[in-house]
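Below is one structure, written out as structure tokens; the observations come after it.
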Amino acid sequence: MFRRREPVPFAFIAEADKYRSNVTPPPRERATAGQIMGRALIGATLVAGLVGSLLFGLPALSPEQSPASTQQSEAADGR
């Protein structure tokens, strides 16, 4: 049912360093001024959104503030 497989010679892996290419890839294109400004604007928008959510969310999370008056229904007034 199960056949024994032939051993695979792995000598080619040890010799692979000899066959590396000496061709260098082309240099990366530099980003234009518009692309840099666009990335900076997106980053500033994200930071401003996080800071804004933090500023609006902190008062809601502070436990020291208690409600000024408790709400009661009219049924609790005893009419």
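Since the structure is predicted, the reported quantities are computational estimates derived from the model, not experimental observations.
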Reported [atom1]-to-[atom2] distance for the pair [X] and [Y], which is rounded to 0.5 angstrom:
X	Y	atom1	atom2	answer
Arg30	Gln35	CZ	CD	11.5 Å
Leu50	Leu55	CG	CG	11.0 Å
Ile36	Leu41	CD1	CG	13.5 Å

